[in-house]
Amino acid sequence: MGGNGSFSSGINNPYNKYKEVGHIEGVKVLKGIQGHHKLPEESKTSNAYIRMKDNQFYEMRFYDNNHKLKLEIAYHPEPKLTGKHDIKVLHIHEYENGNFKSRTTRLMTNEEIKQYKKYFKGVKL
């Protein structure tokens with residue numbers, strides 16, 4: 001599983017940061033353990049992971065062939081896009097060359113929502 005004992009983004013990650021709690025359309029759903037809540041920044045075994053929160057889709061990360069994070073789809077408040085802290089919105093973070101700190105944020109297009117909606121469990125579209 002991504003980040004378990006790997007050297008991701010220059011940080012030595014401890015083992016057992018995540019546990020697999022299911023699958024959605026063939027993609028592993030991970031849950032952070034030991035106080036860890038985010039999905040891995042790097043993956044050695046999968047091209048994508050999903051995180052749920054309160055039985056609802058929260059985020060999905062996609063990784064490139066070098067195992068680096070390239071794209072994240074999220075459903076949570078994004079004040080940069082909505083101007084509000086209490087409105088959940090489907091949006092995308094695109095990462096440049098696997099650099100976790102260098103990303104662009106934008107709303108999803110209708111075509112992207114249609115393409116990925118099978119993963120959005122619990123989200124009313």
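This structure is a prediction, so every number in the text was calculated from the model and none was measured.
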List, by chain and then residue number, the residues other than Tyr58 in its hydrophobic cluster (Ile/Leu/Val/Met/Phe/Trp/Tyr, side-chain heavy atoms under 4.5 Å); write none if there are no others. none

Step through the shown structure and confirm whether more than 12 heavy atoms of other residues, nucleotides or ligands are within 6.0 Å of NE2 on His76. yes

Less than 4.5 Å apart, side chain to side chain, heavy atoms only: is that true for Gln56 and Lys88? yes

Please determine whether residues Leu39 and Ile50 belong to a single hydrophobic cluster, defined as Ile, Leu, Val, Met, Phe, Trp and Tyr linked transitively by side-chain heavy-atom distances below 4.5 Å. no

Would you be so kind as to tabulate the donor-acceptor pairs closer than 3.5 Å made by side chains of residues 113-125, with sequence neighbours excluded?
unit_1: Lys121; atom_1: NZ; unit_2: Lys118; atom_2: O; d: 3.3

d(Lys38 NZ, Leu30 CG) to nearest 0.5 Å is 15.5 Å

Among side-chain atoms of Tyr63 and Ser46, is any donor-acceptor pair under 3.5 angstrom? no

Mind checking whether His91 and His93 have parallel, tilted or perpendicular rings, split at 30° and 60°? perpendicular

Positive for salt bridge (Lys or Arg N to Asp or Glu O under 4.0 Å) with Arg106, one of Glu72, Glu112, Glu78: Glu112

Whether Asn66 side chain and Lys68 backbone form a donor-acceptor pair below 3.5 Å: no

Looking at OH of Tyr18 and NZ of Lys28, how far apart are the two atoms once the value is rounded to the nearest 0.5 Å? 13.0 Å

Side-chain donor/acceptor of Arg61 to backbone N/O of Leu71, under 3.5 Å: no

Hey, any chance Tyr49 and Met60 share a hydrophobic cluster, counting ILVMFWY side chains that come within less than 4.5 Å of each other, even indirectly? no

Partners of Glu59 by salt bridge (Lys or Arg N to Asp or Glu O under 4.0 Å), sequence neighbours excluded? Arg51

